[in-house]
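In what follows, a structure is listed as structure tokens, so that the remarks can point back to it.
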Amino acid sequence: MKKNKLLLVDGNSIAFRGFFALYQSLERFKNKQGLHTNALYAVNTMLDNVLKDVQPTHALVAFDAGKTTFRHGFYEEYKAGRAKTPSEFREQMPYLRDLIEGLGMKHYELDNFEADDIIGTLAKSVDPNEFDVVILTGDKDLTQLASDNVTINVTIKGVSEIEAYTPAHIMEKYGLEPVQIIDMKGLAGDASDNIPGVTKIGEKTAIKLLKEYQTVEGVYEHVDEMKKSKMKENLINEKEIALMSKRLATINTNSPIEIAVSDLDYSGKNFEKLIAFYKEMDFNSFLAKLDTTDADVPVTPREEITYEVVEKIESAMLSSDMVFHIEMLDENYHTSDIVAVAWGNDKHRYVTTGDWALMDPLMIAYLENPELTKRVYDFKRLYVAACRYDISLEGVAFDVLLAAYIVASTNNSEDIAEVAETFDFYELDRDEKVYGKGVKRGIPEDESVFTEHLARKIHAIDFLYPKLYQELEERQQKELFYDMELPLARILADMEITGITVDANRLNEMKGEFAEILTEIEQKIYAEAGEEFNINSPKQLGVILFEKMKLPVIKKTKTGYSTAVDVLEKLQGESPIIDDILRYRQIAKIQSTYVEGLLKVIFSDQKIHTRYVQTLTQTGRLSSVDPNLQNIPIRLEEGRKIRQAFVPRKAGWKLFSSDYSQIELRVLADISGDEHLRQAFIDGQDIHASTAMRVFGVKTAEEVDGNLRRQAKAVNFGIVYGISDYGLSQNLGISRKEAKTFIDTYFEKYPGVKSYMEDIVRDAKDKGYVETLYHRRRYLPDINARNFNLRSFAERTAINTPIQGSAADILKIAMIKIDQRLKAEKMEATMLLQVHDELVFEAPEEELEKLQQLVEETMADAVDLAVPLRADSSSGATWYDAK
DNA sequence: TTTGTCACG
DNA sequence: ACGTACGTGACAAAT
């Protein structure tokens with residue numbers, strides 16, 4: 001028989017969590033009456049996810065009733081000292097019940113008891129053979145209930161991430177049994193509930209004690225045997241406090257509740273109620289997404305849309321200032337079939353199915369006419385598609401996707417409907433809903449569904465344009481859009497279309513060589529292990545190394561033993577198998593990802609056509625997919641050989657590569673204004689050696705040996721990343737204390753850098769975002785988080801993003817200028833690849849000298865900083881030789 | 001689909 | 001005491 005599933009939710013705690021998760025956007029979440037709705041919104045998301053996930057047969061949301069509970073009876077200060085709940089939160093609480101009822105769940109509260117006690121009592125009341133219990137809560141108090149049939153899901157960050165506490169997980173995380181969580185709180189206390197605990201004992205110490213003595217009582221039975229220490233004294237003095245703290249933390253699993261599990265049947269949402277609630281709260285996105293297929297309720301009415309399915313194009317249909325769109329169902333626009341072409345404005349919309357429109361002379365003339373402006377969604381995609389029909393798409397004046405990326409509206413998806421929803425436009429379905437996904441993806445059987453969807457896309461793009469334009473204007477990002485991203489899109493499209501020629505024979509040669517090496521190492525590893533196993537499986541490898549061979553466990557992952565490089569390197573002396581595994585891993589990676597991977601994506605023109613994703617990264621960098629040509633090996637010689645397969649497209653041509661020297665540190669010198677860093681670049685010094693001299697107090701450059709320079713280099717990297725002593729210590733394999741000394745000295749010697757970091761973090765906390773030199777923004781919602789990790793991460797991001805992002809901006813500007821100059825000079829040389837600080841070209845040998853001068857000069861002069869920019873270049877018969 | 005690992009700047 | 005370097009994408013195995 002299938003087991004029942006009981007879902008129990010701590011209503012107060014998840015509402016509170018939700019409120020703070022969306023606190024940053026508090027003012028964005030308001031309904032028409034001015035009621036704040038962020039907590040309701042968050043709770044809806046959380047409950048919706050958990051309902052979908054758990055598929056409960058029974059469900060209840062429990063609430064705390066009133067201010068006092070039985071716990072106050074023996075400890076008045078329980079939960080005292082809490083900040084007053086914000087009024088923006090309190091005003092939402094009454095509506096929470098409506099939401100819960102709409103979702104079809106029961107709710108319950110009980111005087112004198114907390115939600116925890118209700119949940120605990122119900123969880124213990126069911127027969128473990130009949131029920132699996134899932135608890136959803138915002139704090140860890142309930143984890144003490146974990147058992148074979150009870151799992152506690154604790155929300156960790158945002159609204160979608162949860163951590164599941166099972167007995168096994170608790171054992172792994174704390175080394176304790178679930179019931180010992182209570183003892184841990186008895187000793188360590190819990191600041192959020194004002195449970196005192198024993199002075200100077202925190203979680204770590206408590207766990208240590210409990211591992212030895214199991215319970216608080218056990219600790220006191222043996223307290224006399226302990227060595228004399230401050231801790232022992234505290235334990236003895238505060239025995240009463242410890243015992244009371246334990247009592248406070250203990251969930252009452254025998255509360256006098258008046259309901260039973262049999263009252264909690266869950267049979268899906270109450271659509272009528274839920275729709276009314278969503279409407280009242282203006283939750284249009286939830287309304288639009290509501291899957292009412294299995295419910296007999298009215299769907300939200302859609303506005304009618306007028307359009308014409310066209311069989312023959314007439315010139316009256318094509319005019320300036322229209323929206324234009326080409327529909328392709330596959331992500332990869334180099335190969336995807338074109339299934340429709342549509343265009344129009346707010347008065348007329350035209351849809352054609354198939355690709356015939358792209359062969360129509362009137363249409364071609366329209367598309368190629370730069371005077372007739374078009375607005376589009378994803379210019380690069382359309383440009384490449386049009387190019388496949390030998391059409392040069394001109395006159396594109398606006399790209400909604402690019403604009404949405406720039407205004408950082410968090411949503412810059414491939415799907416127009418998703419972007420539209422962030423601007424409260426719900427008149428368009430998601431592609432996935434219309435076309436399906438995976439193997440079932442295709443044009444809908446009902447042709448009118450298909451054509452209407454396209455007409456609605458035209459409508460959506462038309463609707464989004466003025467909104468985005470206004471946003472760009474308000475944020476002073478029009479230059480970033482019109483002078484950087486939009487012109488760049490076309491250059492990237494040209495690079496993608498051109499492609500880079502790959503010597504498949506060379507790759508096949510390597511494939512044979514690597515295959516032989518792999519078989520050899522494989523046999524050696526099997527011999528050393530004493531059995532055959534899958535070396536590629538971290539799980540199987542972990543068993544061999546740490547169980548069979550009993551090697552010391554350095555690090556664990558959430559699922560088992562870590563076998564990552566840094567772990568294996570620490571084990572190198574222990575057994576010869578380690579070296580073989582490292583080498584096997586290295587070769588296997590090259591073989592599968594680069595040799596076999598690249599062979600798979602060579603087109604019939606002998607070229608690889610990657611796609612640059614222009615609207616993905618949080619910093620403004622590009623990314624490259626299908627395949628990724630921005631991570632071709634270079635650091636180790638064996639992998640580097642892959643680059644021998646990248647060749648020019650014609651005999652007598654060469655590959656040419658030019659890369660910025662230390663662009664991120666130069667950007668840092670500019671924006672921090674640190675005089676020492678700036679002077680070092682102005683003087684043309686070796687920057688890592690220069691850092692070494694200052695930080696390690698070395699007088700002359702001659703005294704900087706390789707090791708000092710290496711350490712200085714790591715410090716410089718760390719600075720750019722938003723340094724931490726731990727990170728630097730890991731990187732250099734030194735102690736945390738030593739790392740801290742390095743950092744302190746660095747800040748002493750480069751005070752301008754130090755104040756930049758302080759200023760930018762303060763600025764971010766103030767404004768909620770940081771900017772690059774060219775006004776690219778990144779929002780940092782966690783910058784004021786109470787959670788240390790979230791906040792620290794946001795602080796490092798605040799430091800790093802202006803540096804990494806400005807460097808990305810600069811290379812984009814350089815690309816645009818180089819493109820212009822290559823055209824002006826009518827050169828044959830062609831830009832092929834961009835790798836963050838490097839550009840790769842192919843060119844006839846005779847052009848190389850001129851190309852070098854042109855590229856280096858343009859890169860150096862791309863922008864004007866307080867320090868000089870420098871580009872170094874080289875050329876050769878293959879990418880490998882252009883080093 | 002998620003996780004662990006590893007390639008790049 | 002917390003638990004980390006910043007930004008990506010692809011592969012194989014496990015789920």
Side-chain angles (χ1 to χ4, degrees), chain A residues 188 191 200-207 437-438 533-542 555-568 581-582 585-598 600-601 610-613 616-636 638-640 642-643 659-660 662-664 714-715 717-732 736 739 743 778 786-805 807-808 811 833-838:
Chain A
K200 287 280 173 201
I201 292 189
E203 232 174 57
K204 283 275 148 79
T205 319
I207 289 169
K437 62 171 174 181
F533 64 102
N534 187 345
I535 308 166
N536 288 319
S537 158
K539 198 176 162 193
Q540 295 181 34
L541 181 61
K555 199 166 81 183
K556 291 192 119 191
T557 66
K558 11 178 171 173
T559 51
Y561 312 106
S562 170
T563 64
V565 194
D566 57 317
V567 172
L568 294 185
I581 290 166
L582 285 169
R585 280 253 180 94
Q586 192 205 327
I587 308 281
K589 173 83 180 180
I590 299 169
Q591 181 79 315
S592 69
T593 305
Y594 298 103
V595 178
E596 292 169 352
L598 289 177
K600 271 185 233 161
V601 290
T610 185
R611 279 161 21 239
Y612 290 101
V613 185
L616 181 139
T617 68
Q618 302 292 303
T619 53
R621 275 190 176 183
L622 302 175
S623 82
S624 155
V625 293
D626 254 9
N628 180 357
L629 292 183
Q630 290 181 320
N631 70 346
I632 302 301
I634 190 165
R635 291 173 194 168
L636 299 171
E638 259 156 333
R640 190 175 197 154
I642 294 287
R643 292 175 178 236
D659 67 299
Y660 271 122
Q662 305 298 347
I663 186 161
E664 294 193 339
V715 172
F717 268 100
I719 294 295
V720 169
Y721 293 153
I723 202 153
S724 75
D725 49 10
Y726 178 85
L728 183 63
S729 75
Q730 287 297 298
N731 191 290
L732 281 176
R736 213 166 144 160
I743 295 167
R778 179 171 186 174
R786 277 152 305 279
N787 179 312
F788 176 89
N789 287 323
L790 291 180
R791 190 177 61 247
S792 304
F793 187 32
E795 287 171 358
R796 293 196 295 272
T797 313
I799 292 166
N800 174 263
T801 296
I803 302 172
Q804 192 185 115
L811 189 58
L833 303 175
Q834 193 256 37
V835 196
H836 309 307
D837 65 355
E838 173 191 12

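Given the structure is predicted, the values throughout are model-derived calculations rather than measurements. Sequence lines set the chain letters: A, B, ... in the order given, protein chains first and strands last, and positions in each chain run from 1.
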Item to complete: Record whether the side chain of A/Arg736 comes under 3.5 Å of the base of C/dG3 through a donor-acceptor pair of N or O atoms.
Response: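 Yes, the side chain and the base share a sub-3.5 Å donor-acceptor pair.
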Item to complete: Please state whether the base of C/dT8 and the side chain of A/Ser623 form at least one donor-acceptor pair under 3.5 Å?
Response: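 Answer is no: no donor-acceptor pair is held.
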Discussion item. So, OP1 or OP2 of C/dC6: does either fall under 4.0 Å of a side-chain N or O from A/Arg796?
Written reply: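 It does, given that an N or O in the side chain of A/Arg796 lies less than 4.0 Å from OP1 or OP2 of C/dC6.
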Worksheet item: Hey, does the side chain of A/Thr619 come within less than 4.0 Å of C/dG7's phosphate (OP1/OP2), counting only N and O?
Response: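 No, A/Thr619 has no side-chain N/O under 4.0 Å of OP1/OP2 on C/dG7.
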May I have the distance from [X] (atom [atom1]) to [N] (atom [atom2]), rounded to whole angstrom?
{"X": "A/Ile587", "N": "C/dA12", "atom1": "CD1", "atom2": "P", "answer": "16 Å"}
{"X": "A/Arg611", "N": "C/dG9", "atom1": "CZ", "atom2": "P", "answer": "11 Å"}
{"X": "A/Phe788", "N": "C/dT4", "atom1": "CZ", "atom2": "C1'", "answer": "8 Å"}
{"X": "A/Ile642", "N": "C/dG9", "atom1": "CD1", "atom2": "P", "answer": "20 Å"}
{"X": "A/Leu833", "N": "C/dT8", "atom1": "CG", "atom2": "C1'", "answer": "16 Å"}
{"X": "A/Phe533", "N": "C/dA13", "atom1": "CZ", "atom2": "P", "answer": "13 Å"}

Assign [X] to base, sugar-phosphate, or nothing according to its heavy-atom contacts below 4.0 angstrom with the strands shown.
{"X": "A/Thr617", "result": "sugar-phosphate"}
{"X": "A/Ala714", "result": "base"}
{"X": "A/Leu616", "result": "sugar-phosphate"}
{"X": "A/Asn787", "result": "nothing"}
{"X": "A/Gln730", "result": "nothing"}
{"X": "A/Val720", "result": "nothing"}
{"X": "A/Asn534", "result": "sugar-phosphate"}
{"X": "A/Gly718", "result": "base"}

Where the side chain of [X] is defined as all heavy atoms beyond and including C-beta, which of [options] is the nearest nucleotide?
{"X": "A/Thr593", "options": "C/dT4, C/dG9, C/dC11", "value": "C/dC11"}
{"X": "A/Phe793", "options": "C/dA10, C/dT4, C/dG7", "value": "C/dG7"}
{"X": "A/Ile723", "options": "C/dT4, B/dT1, C/dA5", "value": "C/dA5"}

What is the minimum heavy-atom distance between [X] and [Y], and which atoms define it?
{"X": "A/Arg796", "Y": "A/Gly722", "result": "CD-O, 3.0 Å"}
{"X": "A/Asn789", "Y": "A/Asn787", "result": "N-OD1, 2.8 Å"}
{"X": "A/Ser562", "Y": "A/Ala564", "result": "OG-N, 3.3 Å"}

Worksheet item: Mapping A/Asn789 and A/Asn800 onto DNA chain C by nearest heavy atom, which one lands closer to the 5' end?
Response: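 Result: A/Asn789.
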[X] side chain to [Y] backbone, donor-acceptor under 3.5 Å:
{"X": "A/Tyr721", "Y": "A/Gly727", "value": "no"}
{"X": "A/Gln804", "Y": "A/Glu664", "value": "no"}
{"X": "A/Thr610", "Y": "A/Val625", "value": "yes"}
{"X": "A/Ser624", "Y": "A/Pro627", "value": "yes"}

So, using side chain to side chain donor-acceptor pair (under 3.5 Å) as the criterion, who are the partners of [X] when residues are at least two apart?
{"X": "A/Thr593", "result": "none"}
{"X": "A/Gln586", "result": "A/Glu638"}
{"X": "A/Thr563", "result": "A/Arg585"}
{"X": "A/Arg778", "result": "A/Thr801"}

Response to the item:
Read 5' to 3' with Watson-Crick or G-U pairs under 3.5 Å, [ ] for crossing pairs and | for partners on another strand, DNA chain C gives .....|||||||||.
Practice prompt. Assign a letter to each nucleotide of nucleotides 4-9 of chain B from its 5' end: B, base within under 4.0 Å of a protein heavy atom; S, sugar-phosphate only; -, no contact.
Written response: SSBBBB
Practice prompt. Take atom P in C/dG3 and the same atom in B/dC6, then report the distance between them in whole Å.
Written response: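 Approximately 24 Å lies between the P atom of C/dG3 and that of B/dC6.
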Worksheet item: Which value, in whole Å, describes the distance between the P atoms of nucleotides C/dT4 and B/dT3?
Response: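 Here C/dT4 and B/dT3 have their P atoms 15 Å from each other.
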